[in-house]
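Working notes, beginning with the structure itself.
Residue numbers run from 1 in the order of the sequence given. Keep in mind that the numbers below use all heavy atoms, side chains included, and drop hydrogens, waters and symmetry copies.
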Amino acid sequence: MMDQLHRILPAVQKPARYVGGEYGQIVKDKSQVDLRVAFCFPDTYEIGMSNIGMRILYGIMNEMDGVWCERVFAPWGDMEAAMRQHHIPLYALESRDPVKDFDLIAFSIGYEMSYTNILNMLDLAGVPLRSEDRPGLEGLVFAGGVCTVNPEPLADFIDFFSIGEGEEMTPEILNLYRRAKAEGWDKPRFLRAVAEIPGVYVPSRYVHRYDEAGHLCAIEPLDGAPGRVAKRIVRDLDKAYYPTHTIVPSTEIVHDRTNLEVFRGCIRGCRFCQAGFCYRPVREKRPETLYRQAVESLEDSGNHEITLSSLSTSDYRHLEPLADGLLDYCESKRINLSLPSLRADNFSRELMLKVQRVRKSGLTFAPEAGSQRLRDAINKNVTEEEILTTCATAFSGGWNNVKLYFMLGLPTETDEDVLAIADLVGKIIHTWRDHASSKKRGLSINLSTAFFVPKPFTPFQWEAQITPEEYLRRVHLLKENLKSRAVDYRYHSSDLSFLEAVLARGDRRLGPVLEYAVRHGARLDGWDEYFRFDVWMNAFRACSVDPAYYAQRAYGREELLPWETIDVGISKHFFWRERERAYRSEISPDCRAGCGGCGANKLEGGVICHV
């Protein structure tokens, strides 16, 4: 295979994606290993190597004696074509051994539009797509990641799912598999045993039944399977494994820097945000832990930028002292410290002036909605006054570049709300004219609108998505009312977001659709170069599935939802109550202002919210 690789790599884009050999990769002696894991990320190398979750689990698995975990990424189209032409199966980077030869094949899934990549990678590896066609213990396929809170669209293909955070659960799974392999278990016995590990969901142990109208009416556990599977969490992040000595990519990646996770969860409760609810409860790291991890990571990697990452970094309670400590280290070494995920209601000019002494970048804010009524409906908890005051502060401090993120199609949205986005942008432009300390380069506003996608385990999980045609009408309404040349407006694809909604809220009947789409060329759907909406629509027609049933239909309050076997620690009653508040445009306080009683602080038997 190596001779063939040497012939084709010079002819493909970015051949460094496919060769491995990076500083920090882990290579083990095969004779000293009794379990091999192909850890697959269903997107390109640049995306996967930017994923901190993958780096964490890669390190955890390789710290286990006798276990060798290797990385596998989806090839770009030119490389896939060459591999198929030359009969090169999908392989792992560290050893370049075929994926089909590994004991376990694990996928990390963070985006619904990567589902076709999962199936395509299995096909390229020569692994049967459907779980029922893989009868042996070898080559078991399992998956984790935030998308697995609704595992049902992938139920035909994945043997079992790891629900929640994997730092503690993954070694438990691997140790059980080693025992099963040593004792000669068959696959059914292993699946029964692995389902007893808290957080593991085995779809083959559940039967889904539908009524005459086509609605899901029953989910029946088989053979003593639990009625619900609760997600796993890491209670103490200070004690949890964190990869300070990790792989340094040999080609540019999306986030080509050190990423330092400061906390998990979110105090805010934005009603559209799946991650904000699924990663509850809030758990912070101590600043001394973060400082140590930052210095170790920077010294090991040689990176010249570090990002403090979380769902809302400016909500970290010890942010200023942490930043002060890191700046003492970073400034002398010309290392840039960046703070994403800022909020307009707690923006600190003093802090931003400090952290951008090395390199001043643009500012990013996500008001999400133009009108106060709609921001209250989605529980954004930020006012127009706070947005404009923050912009004034930034402009007076020398910033001239601002990125603004909004959504279109949010529940209760009207044309007045859409026009309010243009009005708010106009007020930001006037604020720059009144407060900018430097006007030589002019103002640059990068405005982006996303198409709202209803997601499981949010207060909007029952909502209908507007049609792509209606979304584009609202896009053009907004565009027509943006008058300034300082604004660069871009919007997300309507077709792609429609399919994302279908897959996010789908059930097991989507399995044949996915397989048909992959067999007819669907892959790399998150990339404009490869996304083919016609292939998907042909797949729906061929399988007699109406995609609008999943995306554009409002679900009933008492309706059985496909993902109800999964328990993320937040009650269905809480989500419905938040939905009712949305329709009254009532805000709910953040977790620090008052506990809303979602239930997440009781996960694993203890109150652990760090609020």
Side-chain angles (χ1 to χ4, degrees), residues 14 17-18 37-58 61 69-80 83-84 89-93 98-100 102 104-131 134 139-163 166 170 203 249 253-255 496 499-500 502-504 506 510-511 513-515 517-519 521-532 535-536 539:
K14 301 182 180 180
R17 292 165 164 165
Y18 311 111
V37 182
F39 192 12
C40 304
F41 192 88
D43 212 317
T44 62
Y45 177 93
E46 303 96 290
I47 305 295
M49 286 302 297
S50 300
N51 184 276
I52 186 61
M54 187 170 191
R55 289 177 179 263
I56 289 172
L57 293 177
Y58 177 86
M61 286 188 271
C69 171
E70 302 182 49
R71 297 161 298 140
V72 185
F73 301 99
W76 195 245
D78 57 350
M79 181 62 174
E80 179 189 341
M83 291 172 69
R84 292 190 184 276
L90 188 66
Y91 58 90
L93 289 186
V99 167
K100 66 178 183 293
F102 284 68
L104 289 169
I105 303 171
F107 284 91
S108 177
I109 315 174
Y111 182 35
E112 290 85 356
M113 298 313 299
S114 69
Y115 289 177
T116 53
N117 293 343
I118 296 170
L119 273 60
N120 191 51
M121 290 172 75
L122 291 175
D123 182 68
L124 190 57
V127 175
L129 301 189
R130 289 180 171 263
S131 175
R134 303 189 296 265
L140 281 173
V141 179
F142 74 105
V146 70
C147 283
T148 62
V149 296
N150 178 17
E152 300 310 327
L154 294 170
D156 291 340
F157 315 106
I158 306 297
D159 292 309
F160 63 94
F161 292 88
S162 169
I163 310 298
T170 303
I253 61 176
V254 173
H255 300 306
L496 190 70
L499 283 174
E500 184 182 344
V502 173
L503 295 173
L510 291 183
V513 177
L514 279 165
E515 186 170 1
V518 171
R519 297 295 189 200
R523 73 247 302 117
L524 297 172
D525 289 307
W527 297 84
D528 292 341
E529 297 93 324
Y530 287 95
F531 177 60
R532 291 178 56 192
V535 169
W536 279 97

Atom pair [atom1] ([X]) and [atom2] ([Y]), whose distance is rounded to the nearest 0.5 Å:
X      : Y      : atom1 : atom2 : result
Leu154 : Leu514 : CG    : CG    : 6.5 Å
Trp527 : Asn117 : CH2   : CG    : 10.5 Å
Leu122 : Leu90  : CG    : CG    : 9.0 Å
Leu124 : Leu119 : CG    : CG    : 12.5 Å
Glu80  : Leu524 : CD    : CG    : 7.5 Å

Report yes if the side chains of [X] and [Y] come closer than 4.5 Å at any heavy-atom pair, otherwise no.
X      : Y      : result
Ile47  : Ser114 : no
Pro203 : Ile158 : no
Phe39  : Thr170 : no
Phe531 : Leu499 : yes

Identify, with sequence neighbours excluded, every residue that meets side chain to side chain contact (heavy atoms under 4.5 Å, CB included) alongside [X].
X      : answer
Cys147 : Ile109, Glu112, Tyr115
Ala517 : Ala522, Val535, Trp536, Ala539
Arg519 : Asp123, Leu129, Glu515

Closest contact, heavy atoms only, [X] versus [Y]:
X      : Y      : result
Cys40  : Met54  : C-CE, 4.4 Å
Lys100 : Ala125 : CB-O, 3.5 Å
Ile253 : Arg55  : CD1-NH2, 4.1 Å

**Message:** Taking side chain to side chain donor-acceptor pair (under 3.5 Å) as the definition, give me every residue that meets it alongside Arg17, ordered by chain and number, with sequence neighbours left out.
**Reply:**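 Listed in chain order: Glu46.
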**Item:** Set of side chain to side chain donor-acceptor pair (under 3.5 Å) partners for Asn150, sequence neighbours left out
**Value:**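 Listed in chain order: nothing, the list is empty.
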**Message:** Check the orientation of Phe41 and Phe73. Use parallel for under 30°, tilted for 30 to 60°, and perpendicular for over 60°.
**Reply:**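 If you compare the ring of Phe41 with that of Phe73, the planes turn out tilted.
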**Item:** Met49 vs Arg71, side chain to side chain contact (heavy atoms under 4.5 Å, CB included): CA-CA, chis, key distance, verdict
**Value:** CA-CA 9 Å; Met49 286 302 297; Arg71 297 161 298 140; 3.4 Å; yes
**Asked** Of all residues at least two apart in sequence or in a different chain, which pass the salt bridge (Lys or Arg N to Asp or Glu O under 4.0 Å) check with Arg134?
**Response**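 With sequence neighbours excluded, Arg134 shows a salt bridge (Lys or Arg N to Asp or Glu O under 4.0 Å) to Asp159, given in chain and number order.
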**Asked** What about the rings of Trp76 and Tyr45, do their centers lie closer together than 6.0 Å?
**Response**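 Centroid distance Trp76-Tyr45: not below 6.0 Å, so no.
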**Request:** Test side chain to side chain contact (heavy atoms under 4.5 Å, CB included) on Val141 and Phe157 and set out the steps.
**Result:** CA-CA 8 Å; Val141 179; Phe157 315 106; over 6 Å; no
If only atom types and distance count, is the side chain of [X] paired as donor or acceptor with the main-chain N or O of [Y] below 3.5 Å?
X      : Y      : answer
Ser162 : Gly144 : no
Thr148 : Phe161 : no
Arg532 : Tyr530 : no

